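Written below as structure tokens is the structure these notes are about.
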Amino acid sequence: MTDACNSLLLAGREARRQLLAVTVNEPIGPYTLLRLERGGLEPGVPGQFFMLEAPGRTLPRPMSLCQAPRGELAFLVEPIGPGTRALCALEPGAEIHVLGPLGNGFDLDVARPLLVAGGIGIAPMPYLASALGNPPAILGFRTERQAEVGVLLPGAEITVEPRLVTELLPDDPGDVLACGPEPMLEAIRRRVPHAQLAWESRMACGYGACFGCVVERDGWFVRLCIEGPVWREAA
Amino acid sequence: MTDACNSLLLAGREARRQLLAVTVNEPIGPYTLLRLERGGLEPGVPGQFFMLEAPGRTLPRPMSLCQAPRGELAFLVEPIGPGTRALCALEPGAEIHVLGPLGNGFDLDVARPLLVAGGIGIAPMPYLASALGNPPAILGFRTERQAEVGVLLPGAEITVEPRLVTELLPDDPGDVLACGPEPMLEAIRRRVPHAQLAWESRMACGYGACFGCVVERDGWFVRLCIEGPVWREAA
Amino acid sequence: MSVPILNASGCFDALVAPDVARSLDAFVTKTVTPLPREGNPPPRIAEVDGGMLNSIGLQNPGIDVFVSSILPRLAELDVPIWVSVGGFSADDYAEMCERLDAETRVSVIELNLSCPNVEEAPETAAELVTAARAATTKPLYAKLSPATWDIAENARAVAAAGADGLSLVNTIRGLALDAGTRRPKLSRGAGGYSGPALRPIALACVDACARAVALPIVGMGGVASGGDVLDLVSLGAGAVGLGTILFSDPLAATRIRTELRSPGAPITPAPRHAIHGFTPESAPALAVSTE
Amino acid sequence: MSVPILNASGCFDALVAPDVARSLDAFVTKTVTPLPREGNPPPRIAEVDGGMLNSIGLQNPGIDVFVSSILPRLAELDVPIWVSVGGFSADDYAEMCERLDAETRVSVIELNLSCPNVEEAPETAAELVTAARAATTKPLYAKLSPATWDIAENARAVAAAGADGLSLVNTIRGLALDAGTRRPKLSRGAGGYSGPALRPIALACVDACARAVALPIVGMGGVASGGDVLDLVSLGAGAVGLGTILFSDPLAATRIRTELRSPGAPITPAPRHAIHGFTPESAPALAVSTE
Ligand SMILES: Cc1cc2nc3c(=O)[nH]c(=O)nc-3n(C[C@H](O)[C@H](O)[C@H](O)COP(=O)(O)OP(=O)(O)OC[C@H]3O[C@@H](n4cnc5c(N)ncnc54)[C@H](O)[C@@H]3O)c2cc1C
Ligand SMILES: Cc1cc2nc3c(=O)[nH]c(=O)nc-3n(C[C@H](O)[C@H](O)[C@H](O)COP(=O)(O)OP(=O)(O)OC[C@H]3O[C@@H](n4cnc5c(N)ncnc54)[C@H](O)[C@@H]3O)c2cc1C
Ligand SMILES: Cc1cc2nc3c(=O)[nH]c(=O)nc-3n(C[C@H](O)[C@H](O)[C@H](O)COP(=O)(O)O)c2cc1C
Ligand SMILES: Cc1cc2nc3c(=O)[nH]c(=O)nc-3n(C[C@H](O)[C@H](O)[C@H](O)COP(=O)(O)O)c2cc1C
Ligand code: FES
Ligand code: FES
């Protein structure tokens with residue numbers, strides 16, 4: 001029955017949960033592109049995320065959809081701890097439970113989109129770019145090796161530290177859609193108040209059950225998993 | 001340093017501990033013959049046992065040496081729970097920590113040896129048989145499939161339940177050396193008071209540290225791992 | 001075998017996942033307190049081997065908002081509602097029970113006497129139960145902490161004070177450090193330890209309490225499979241609560257029911273007391289032994 | 001970094017493994033009681049996910065045999081000897097401490113106030129410490145149970161009663177059933193839960209006690225690696241005890257020392273108090289931060 005595709009209403013949207021098989025799991029720079037059979041799941045809106053079972057761990061791990069090849073769901077994973085390492089170690093044929101899509105994605109109704117990402121923040125960009133007709137993009141990385149993942153976003157402008165992505169922002173950046181480390185998002189928010197930013201926090205459930213993922217908004221702790229992860233700061 | 005071969009005195013005998021690689025892990029009937037590189041370990045006396053690291057488990061598992069091929073140590077494992085299943089699932093090349101040899105083996109100074117084993121109790125017999133010049137042996141199993149493991153002891157007389165090994169014991173059985181389930185050992189003890197019997201109990205450490213493996217002897221609980229596992233009941 | 005399957009308080013929000021709520025035999029709310037609480041600052045959760053730590057800090061809108069705007073929406077789900085209440089004095093518990101006593105939509109009140117993430121009330125658990133008992137005629141389930149030398153003693157005390165049932169167990173205090181910085185992973189330092197690692201502790205508590213008192217018991221702590229349910233039931237639990245497992249498997253209740261229907265080894269459950277709101281039929285202890 | 005590494009009481013027998021004993025900075029005996037105890041019938045141990053349960057039941061030859069025939073042989077090992085004592089009344093503790101007070105070969109007495117496998121003494125932990133304190137001038141380490149709502153309170157109580165140090169923590173009660181029969185895996189039903197799963201609980205206890213009292217602390221509970229030692233030390237432990245890990249790796253102390261020598265992230269240890277018998281030099285808290 002867990003192998004069946006189960007549909008459930010989460011925070012007013014339909015999500016599905018199914019045991020999906022790994023098709024390919026290929027390294028790209030320090031990251032791994034984990035491709036899974038799509039099964040009955042919908043790819044959802046760019047910026048939405050999925051909860052991926054991390055073999056051997058108690059909790060699943062939130063991952064933004066990176067690409068939606070026909071019949072597959074692809075995630076870009078950075079191995080920084082036990083859960084992501086377990087995901088990067090998956091062999092083709094291995095099966096994991098996946099729940100999603102979850103949360104609020106990017107608002108695609110934008111006139112002059114500019115994608116901005118830092119480090120693993122590039123994860124949602126390839127899917128977002130395809131939805132927006134490959135708009136201009138700026139990617140920042142800490143190392144040359146990380147920058148190799150730029151191949152997932154052809155034509156993107158790439159910078160490696162010390163130079164920061166924010167230094168590459170044009171004077172009139174247009175509609176910025178960004179994902180990356182908090183300091184980067186904060187900097188962008190200051191420069192581009194109406195930017196759409198995809199935030200992160202530690203999540204246990206991803207669907208509003210645990211109150212673990214909260215971030216402060218207007219003096220109250222709100223659940224990033226159902227009220228985010230994408231926010232247009234100054235709407 | 002854990003990869004080095006460490007020698008330590010345990011209960012008055014030398015044992016060694018080393019990380020050993022699996023060479024072959026082949027099914028025989030419902031059992032698995034787990035062959036490991038011998039490294040710097042000594043095979044010890046037949047009836048002695050080793051503590052094998054069971055991947056993913058907190059405690060190692062006690063296993064009697066089954067065979068001592070040149071440069072290897074071979075164990076016959078029956079998958080009955082998480083630890084033994086983990087051992088049976090080991091792939092060639094995988095490495096596990098092994099400590100031994102431990103405990104008291106069989107006394108090989110016997111005039112007319114007769115080996116008697118039930119079920120997985122056959123484990124120590126091949127090594128014992130080679131040490132004694134392949135004496136007569138009687139093996140009992142619960143199923144035909146289990147009986148397939150008889151190939152490890154060519155020439156042995158094999159019986160499958162309902163007929164029990166004890167029914168095959170000759171009137172003058174000579175020097176019985178036996179290993180098997182408790183009821184079988186009890187039955188043999190009644191028939192052959194001076195038999196050498198290899199007992200089992202749950203063990204956490206295998207070298208006298210935990211007092212978990214005790215069995216009652218003369219009104220006191222003694223540690224089977226260092227006072228056994230082999231006893232000549234009526235010495 | 002069928003045994004009532006509830007969620008564990010604070011591990012599930014029925015309003016965001018109505019389908020999941022309907023898969024439960026009853027919904028237990030996150031603990032409600034007299035006043036609104038914003039809870040602890042993040043990070044509030046950290047995974048550890050075999051489980052997780054949390055220090056949510058009882059974030060909730062307070063009893064007024066709960067009764068006025070949350071309870072009505074919960075009622076629409078048509079699932080029995082258990083309200084978990086927590087406070088910082090006997091008066092708090094009394095006040096909230098009084099408020100809820102009037103609410104026909106509330107079938108059971110669970111008294112959270114054991115949250116490791118908030119300061120403890122000055123009174124003993126028994127005194128809190130006494131205060132609550134005086135304020136309501138609704139079934140009162142006392143939720144106890146495993147962090148005690150002799151939980152049977154606590155069980156006898158709350159039973160004597162008028163508790164109608166027990167919810168066992170809450171989390172136990174745990175702490176984990178970041179391997180890089182050696183600083184606590186949670187903003188509050190320690191938090192509540194839950195998940196599979198808690199299971200042996202929960203089983204020991206349920207066993208001890210089932211022997212000590214004749215109250216129905218909702219067993220919880222690391223429940224993840226039908227086998228875990230059989231463990232609790234065979235020790236005397238009349239229902240189970242799903243907590244951490246719901247984070248990785250929102251449909252765990254349905255899966256577990258399927259696992260329980262599949263014929264397994266017959267077991268003899270300890271004499272059980274039906275959970276309030278469930279007839280012995282709907283929680284057929286006997287079915288366990290006959291299967 | 002070097003921090004004294006001891007074994008945890010009951011997890012190692014120095015007489016059967018002298019090489020291992022010499023790899024420890026001190027040897028802690030299995031708990032000795034006034035009279036011989038045969039312990040509990042087998043099965044006494046069961047592995048569970050993330051740890052193990054034990055109900056050995058303090059099998060030991062009693063204080064007379066210990067002093068007359070075991071202590072002399074332990075002394076030959078030339079490793080500092082900590083004797084763990086347990087009893088069933090304040091008089092028991094007093095009597096044994098008096099016996100050991102005369103033994104120059106005993107460097108520290110550890111008071112086991114918290115074995116989950118035997119009935120508890122009628123007196124409080126503090127009363128037992130008071131009785132022991134009056135009977136000896138040797139350093140007294142109080143070994144506390146994590147099964148308490150507020151361990152800091154217990155720490156303050158035993159400190160006030162004259163304890164010189166704390167050993168944290170003992171096992172916590174746990175139970176596991178056989179999946180086939182749903183009967184307990186241990187003859188006694190419940191047992192003491194130890195191993196990795198206990199680690200977050202132990203860290204929370206060490207943290208709470210280190211903040212509450214100015215006593216040296218021997219930290220234990222699931223320690224298996226150099227990282228685990230750094231966790232305990234950074235929370236205020238002055239030494240660590242190895243328990244369950246010794247069952248799978250008798251040479252763990254040596255391995256862990258190697259791991260601690262390998263340069264890792266520098267950490268700032270909490271202000272520590274040197275463990276009795278070890279100069280601050282031999283337990284260089286500072287080395288931790290400077291490495
Ligand atoms: C909505 C969302 C989408 C995400 N998408 C991706 C993605 O596409 N690809 C990807 O590689 N990662 C993504 N992440 C981050 C990823 O979920 C975490 O890296 C992962 O959960 C870490 O688990 P772990 O066990 O490997 O490491 P852990 O041991 O859990 O963490 C390792 C270190 O990272 C920190 N950390 C853990 N989780 C987070 C987090 N969520 N935010 C900030 N710091 C954290 C921890 O504090 C710790 O210091 C996303 C997170 C969120 C919330
Ligand atoms: C000295 C010695 C030598 C052994 N040699 C071998 C061998 O060569 N090959 C082999 O396959 N097995 C051998 N065993 C038994 C083996 O160690 C156990 O089967 C194993 O530890 C079980 O671990 P597990 O996690 O797979 O199962 P568990 O979950 O630990 O146990 C599964 C079931 O078996 C029971 N059980 C577990 N251990 C024992 C035991 N030691 N005695 C009796 N019942 C037990 C448990 O109570 C449980 O019901 C030996 C045991 C000893 C003490
Ligand atoms: C994130 C989280 C929040 C919790 N909040 C509460 C709460 O508000 N009230 C309460 O009584 N228990 C709370 N608990 C404890 C659970 O109800 C349950 O007792 C405990 O988690 C053990 O069950 P488990 O191991 O299945 O999670 C919480 C547990 C978790 C993990
Ligand atoms: C088999 C076994 C026997 C134990 N016997 C004792 C004992 O006699 N006295 C005592 O104070 N603690 C005893 N303990 C508890 C340990 O000393 C230690 O406090 C506990 O196991 C936690 O450490 P660990 O997780 O590293 O094992 C015992 C533990 C085990 C596993
Ligand atoms: S991750 Fe659980 S509420 Fe957001
Ligand atoms: S197995 Fe530990 S003493 Fe025998």
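None of the values given here were measured: they were computed from a predicted structure. In what follows, chains are A, B, ... by sequence order, proteins preceding strands, each numbered from 1.
Listed here is the closest heavy atom pair of D:Ala17 and B:Leu10: CB-CD2, 3.5 Å. Scanning all heavy atoms of the two residues, the minimum distance from B:Asn6 to D:Leu251 falls at CB-CD1, 3.2 Å. Of all heavy-atom pairs spanning D:Phe247 and B:Pro60, the tightest one is O-CG, 3.6 Å. Nearest heavy atoms, B:Thr58 versus D:Ser248: O-CB, 3.8 Å.
Under the side-chain hydrogen bond (donor to acceptor under 3.5 Å, both in side chains) criterion, D:Ser225 pairs with D:Asp228, sequence neighbours left out.
Ranked by heavy-atom pairs shorter than 4.5 Å toward chain B, the options D:Asp49, D:Val20, D:Leu15 are led by D:Asp49. The candidate from D:Pro196, D:Gly10, D:Cys11, D:Gly195 with the greatest count of non-hydrogen atom pairs under 4.5 Å with chain B is D:Cys11. Put simply, of D:Met52, D:Lys30, D:Arg44, the one with the most heavy-atom pairs under 4.5 Å next to chain B is D:Arg44.
B:Leu99 touches chain D through its side chain: at least one heavy atom from C-beta onward sits under 4.5 Å away, while N, CA, C and O do not. The parts of D:Pro18 that come within reach of chain B are both its backbone and its side chain, each placing non-hydrogen atoms under 4.5 angstrom from that chain. Of the two parts of B:Ile226, only the side chain, counted from C-beta on, holds a non-hydrogen atom closer than 4.5 Å to a non-hydrogen atom of chain D. Looking at B:Arg61, the atoms closer than 4.5 Å to chain D (heavy atoms on both sides) all sit in the side chain, from C-beta outward. Proximity to chain D (any heavy atom under 4.5 Å) is shown, for B:Arg57, by both the backbone and the side chain. For D:Ala46, the parts sitting under 4.5 Å from any heavy atom of chain B are the backbone and the side chain alike.
For the pair B:Glu53/D:Asp249, no side-chain contact is recorded, criterion being any heavy-atom separation below 4.5 Å from C-beta on. Considering only heavy atoms from C-beta on, B:Val215 stays 4.5 Å or farther from D:Pro42 through its side chain. B:Tyr207 places a side-chain heavy atom less than 4.5 Å from the side chain of D:Leu246. B:Arg202 places none of its side-chain heavy atoms less than 4.5 Å from the side chain of D:Glu47. Within the 4.5 Å cutoff, the side chain of B:Leu59 has heavy atoms near those of the D:Thr244 side chain.
The stretch residues 36-49 of chain B places none of its residues near chain D, where near means some heavy atom under 4.5 Å from a heavy atom of that chain.
Although no hydrogens or angles enter the test, the distance criterion places no donor-acceptor pair under 3.5 Å between the side chain of D:Asp13 and the main chain of B:Ala209. Using modelled atom types, one side-chain atom of D:Gln59 and one backbone atom of B:Phe221 make a donor-acceptor pair closer than 3.5 Å.
Atom SG of B:Cys210 is separated from atom CZ of D:Phe12 by 12.5 Å, given to the nearest 0.5 angstrom.
Atom CZ of D:Arg105 has more than 12 neighbouring heavy atoms from other residues, nucleotides or ligands inside a 6.0 Å radius.
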